[in-house]
K.L.:
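Take a look at this one; I'll ask things after.
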Amino acid sequence: MSWTAAILTLFPEMFPGPLGQSLAGRALDADLWRCETHDLRSFGLGRHKTVDDTPCGGGAGMVMRPDVVDAALASVSRNDGASCVYLTPRGRPLTQADIRRYTAGSGVTLLCGRYEGVDERVLEARSVEQVSIGDYVLSGGETAALVLLDACVRLLPGVMGSAESGVEESFSDGLLEYPHYTRPAEWNGRAVPDVLLSGNHAAIARWRREQSERVTRERRPDLWAAHLSNTTHSSVQEGHPI
Ligand code: JD8
C-alpha cells in the first residue's frame, strides 16, 4: 500500500489542490502516494452536524469539539505507522528532520483546524503532534497541511529523478543556496558573474561556497550560528537545519 496522507478537514475540496499538479500530481497519478480526505462535518452532532462550541472561560470565536474530532481520528486509526499531526501556530516549528521522519513511515494523519482551533484534550488523549509551518497567521490548517505534504511527497521513493533527490541537500552543510543564473550572459544591462563563464570548476565551487556563506550570514544568523557550531565540533555530521 502506498504512502498515505489522511486529511481531516471541514474543506475536503482543498485537497489535493496544488498537489494535483506537477511533480506531486504525477506521483499521485502513479500511485506513489495517496491523498484521502475525511470530512469533519460528517462526524458533526445533531441535525446541523455541529463541530464547534463556545470557548470555556469565554472569549471570541468557537472551538472544535473534542468528541467530534475524536470520532474522526478513530475512523482513520487503522493507519498505524503514520504520525498524527495537528497544524497550529502554537506548535513547535516544522523542520526538514520532521519531514524525513514522516516520509520514513507509512503516511501521515493531518488534522486541519478552523475557528480558534481544537479542544486540547483530544490532542493529548490521542498523542497528536502539534507543529507550525511558521510565524504568521493563516485562516486554518489546510494550507499548512498542503505545505507539509509538498515537502513529504518530493522525498518519497520514485518521485524525484535521482539527479536531484536530496544529494545537494547533504552537501549544503546547513547553508542557504548560492544564487543561480542562466542565459543570456547579459540581460537588461546585468551580467552573469564572470567566474561562472570561466570554465574554472574549482573557482566556481569556491565562489558558490562564499556566496552561500555570505547569504546565510546576512539573512539567517540562526542557521549561520548552527553551521559554525557544526563545523567547529566536527563530530556533528547530521542534524543541520536544512
Ligand atoms: C490552524 C484556525 C486560525 C486565526 C487563532 C488559530 C499552522 N503557521 C500557521 N499559522 N496559522 C496556522 C493555523 C491557523 C489556524 C488553524 C493553523 C486553525 N486557525 C487562527 C486566529 C486565531 N486561529 C498555522 N500550522
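Read the numbers this way: they start at 1 and go in the same order the structure lists the ligands and their atoms. What you are looking at is a predicted structure, and each value in this text was computed from that prediction instead of being measured.
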K.L.:
Is the shortest distance from a Lys or Arg side-chain nitrogen in Arg41 or Asp39 to a carboxylate oxygen in the other one below 4.0 Å?
P.N.:
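Looking at Asp39 together with Arg41, the answer is no, because their closest N to O distance does not fall below 4.0 Å.
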K.L.:
Using residues 139-146 as the side-chain source, report each donor-acceptor pair under 3.5 Å to any protein atom, sequence neighbours left out, with the distance given to one decimal.
P.N.:
| unit_1 | atom_1 | unit_2 | atom_2 | d |
| --- | --- | --- | --- | --- |
| Glu142 | OE1 | Arg114 | NE | 2.9 |
| Glu142 | OE1 | Arg114 | NH2 | 3.0 |
| Glu142 | OE2 | Thr9 | OG1 | 2.7 |

K.L.:
Look at atom CD of Gln21 and say whether more than 12 heavy atoms of other residues, nucleotides or ligands are closer to it than 6.0 Å.
P.N.:
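Count not over threshold, so no.
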K.L.:
Please list, chain by chain and in numerical order, all residues satisfying ring pair (Phe, Tyr, Trp, His ring centres under 6.0 Å) with His48, sequence neighbours excluded.
P.N.:
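Counting only residues at least two positions away or on another chain, His48 forms no ring pair (Phe, Tyr, Trp, His ring centres under 6.0 Å).
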K.L.:
Could you pull out every protein residue that has a heavy atom closer than 4.0 Å to ligand 1, ordered by chain and then number?
P.N.:
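Contacts of ligand 1 under 4.0 Å: Leu87, Thr88, Pro89, Gly113, Arg114, Tyr115, Glu116, Val131, Ser132, Ile133, Gly134, Tyr136, Val137, Leu138, Ser139, Gly140, Gly141, Ala144.
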K.L.:
Does anything in residues 181-207 form a ring-ring contact (aromatic ring centres under 6.0 Å, His included)? List the pairs, not counting sequence neighbours.
P.N.:
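Matches after skipping sequence neighbours: none remain.
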K.L.:
Going through the distances and angles, do Ile133 and Val147 end up as a side-chain contact (heavy atoms from CB on, under 4.5 Å)?
P.N.:
CA-CA 8 Å; Ile133 65 156; Val147 167; 4.0 Å; yes
